[in-house]
Colleague: 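Just passing along the structure, written as structure tokens.
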Amino acid sequence: MTAPQQIITRIAPSPTGIMHIGTARTALFNWLFARARGGQFLLRIEDTDRARSTPEATQAILDGMRWLGLDWDGDAVSQFERVPRHAQIAHEMLARGHAYKCFASQDTIEAYREAARAEGRSTLYHSPWRDAPAADHPDAPYAIRLKAPQTGQTVIEDAVQGRVTFANDQLDDMVMLRSDGTPTYMLAVVVDDHDMGVTHVIRGDDHLNNAPRQAQIYRAMGWAEPVWAHIPLIHGPDGKKLSKRHGATGVMDYAQMGVPAAAMRNYLARLGWSHGDDELFTDAQALEWFDLAGIGRAPARLDLKKLESVAGWHIARMSDADLMAEITRYLALTGQAPLSHMQHDRLGTAMYCLKDRAKSLPELLEKGQFALAGRPITPDAAAAAQLDAVSRGILRELTAQLQHASWTRDTLEATLTHAAEAHGLKFGKLAGPLRAALAGRSVTPSVYDMMLVIGRDETIARLTDAASRDG
Ligand code: GLU
């Protein structure tokens, strides 16, 4: 019995300057598929386009992968560094008779195509060099073309699209190595995937038409063909192909908006893949459930409302420590000042009363503003209006009573209720001035939660500050 083959998947982005959410989604699918099966997930940077492949553009991909939490095995592979290997395989195919030297110049090919267009014929170029005897070869630069089958069909058994059939007479003898010695994308991908041992090619269906040509190289070389899985692209809410018009297209745009990475993984997993009706799930569940059979054939639509609710669910269930780590990362990413030790401690303590209702990290920070603010608290206009002379008097009295109250919810509740009643007020009337004093806002977590989080000394200090305001 042979040992089961280890699964190897990859993401092979071309550095474009941002990590597109489509790329992030494809990376996630490959990552889930490999990780759940004890396989490997590899990263290859398709950096053969030297003009676009700047170090910054490559870094943008690494940053996107790291932010999303998709770890890859080994070092990122540079496709450009493998050019000699690509050329070697093109020559090997030549030697084996699966390829031929084509001496046609670019001008000749263009002229052929133009004439074909004018006559309404197929513009596929059929090189006269395919069957030319070596004796006729000029001493001139040549491209290496695949000697592709001219009749019959090339069939791709796709794990998502099903059986896809391509008529061979619709495919030309593609160039694998240009006359300047550089490999084409079509060759490079196949050689790299083969050498990296990739068993499953899971990628956007904009590459489906490349699959038959790539399969022809595998078949000519006698290499084991990967399982193909071409996933529908992500569309905008209007059903059109996702573009800048629809808003954020880079994965880091979502990081900047304060979507926690765990929520982004959940949301991206559901873009094109489903497990029954499950919308909200953990990484562990995604790993357990993910399979190629769950990928649909219809393009998924981006839905920011849904992303918000997914984010809210994750924020509510994340551990306080994980949330604090996300917040630290979010602040750094958006160029905001890091939290001081004190702010970190207070916000961490406050998490229990904040995380149930926030749909993003900035919303969480906004709700936790009382824990971050330093004295003196500057009330906003609505809060300032609560601090009239009568309220300030009550706050002053309270500071004395709170000196000796035991710092528990029950005692604080009894103390505050009693103070309100002593002035013939309902507690609700006192809540406004307390919120203004403690947070400088009129919408805050409960007064008790704020007092418990910041503690006795800070509470008394904030009440004293508010009580001694002019006005
Ligand atoms: N470099 C290609 C892209 O960014 C992906 C190639 C592949 O996955 O085979 O679209």
Side-chain angles (χ1 to χ4, degrees), residues 7-34 39-54 57-65 68 70 72 76-83 85-86 89 154 156 158-161 164 166 174 176 182-218 221 223-234 241-243 249-252 268 271-272 292 295 299:
I7 284 177
I8 302 181
T9 64
R10 50 65 162 182
I11 181 74
S14 312
T16 57
I18 63 159
M19 185 164 183
H20 194 272
I21 55 166
T23 308
R25 194 261 315 241
T26 303
L28 175 68
F29 282 15
N30 279 281
W31 180 86
L32 286 170
F33 190 74
Q40 287 189 47
F41 169 63
L42 309 178
L43 171 61
R44 179 173 72 238
I45 309 288
E46 305 219 311
D47 52 357
T48 46
D49 178 346
R50 300 318 284 162
R52 298 185 91 179
S53 303
T54 59
T58 297
Q59 193 58 44
I61 290 168
L62 303 184
D63 290 347
M65 295 284 288
L68 199 53
L70 305 183
W72 59 93
V77 172
S78 154
Q79 185 159 67
F80 178 68
E81 285 174 16
R82 295 180 38 81
V83 160
R85 169 70 177 158
H86 306 145
I89 294 299
T154 298
I156 295 294
D158 192 280
V160 175
Q161 311 286 339
V164 189
F166 298 86
M174 69 175 149
M176 296 188 294
T182 59
T184 57
Y185 159 74
M186 218 60 90
L187 175 71
V189 168
V190 173
V191 175
D192 291 347
D193 282 342
H194 168 74
D195 287 359
M196 290 162 74
V198 171
T199 58
H200 292 70
V201 169
I202 306 168
R203 62 184 177 188
D205 68 6
D206 48 337
H207 287 286
L208 181 61
N209 284 334
N210 294 332
R213 298 160 153 286
Q214 294 172 353
Q216 287 174 351
I217 301 179
Y218 279 99
M221 287 303 291
W223 289 342
E225 209 171 310
V227 172
W228 305 101
H230 288 93
I231 55 185
L233 299 184
I234 300 172
K241 199 180 156 199
L242 188 64
S243 76
T249 52
V251 74
M252 293 312 280
L268 286 177
L271 279 183
L292 301 180
I295 301 175

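First listed ligand is number 1; within each ligand, the first listed atom is number 1.
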Colleague: Tell me, which pairs form a salt bridge (charged side-chain N to carboxylate O under 4.0 Å, His left out) where one or both residues lie in residues 7-29, sequence neighbours left out?
Modeller: Arg10-Asp193
Colleague: Who are the residue neighbours of ligand 1 when the rule is a heavy atom under 4.0 Å from any of its atoms?
Modeller: Arg10, Ala12, Pro13, Ser14, Glu46, Tyr185, Val189, Arg203, His207
Colleague: Between Gln216 and Thr154, is there a side-chain donor-acceptor contact under 3.5 Å, judged purely by atom types and distance?
Modeller: yes
Colleague: Would a 4.5 Å heavy-atom cut-off, applied to side chains only, mark Thr9 and Val198 as touching?
Modeller: no
Colleague: If you apply the rule side chain to side chain donor-acceptor pair (under 3.5 Å), what do you find for His86 with Asp192, and how did you get there?
Modeller: CA-CA 8 Å; His86 306 145; Asp192 291 347; 2.8 Å; yes
Colleague: Might you point out which heavy atoms bring Val191 and Trp223 nearest each other, and give the distance in Å?
Modeller: CA-CZ3, 4.1 Å
Colleague: Taking the six-membered ring for Trp, is the centroid-to-centroid distance between Tyr218 and His194 below 6.0 Å?
Modeller: no
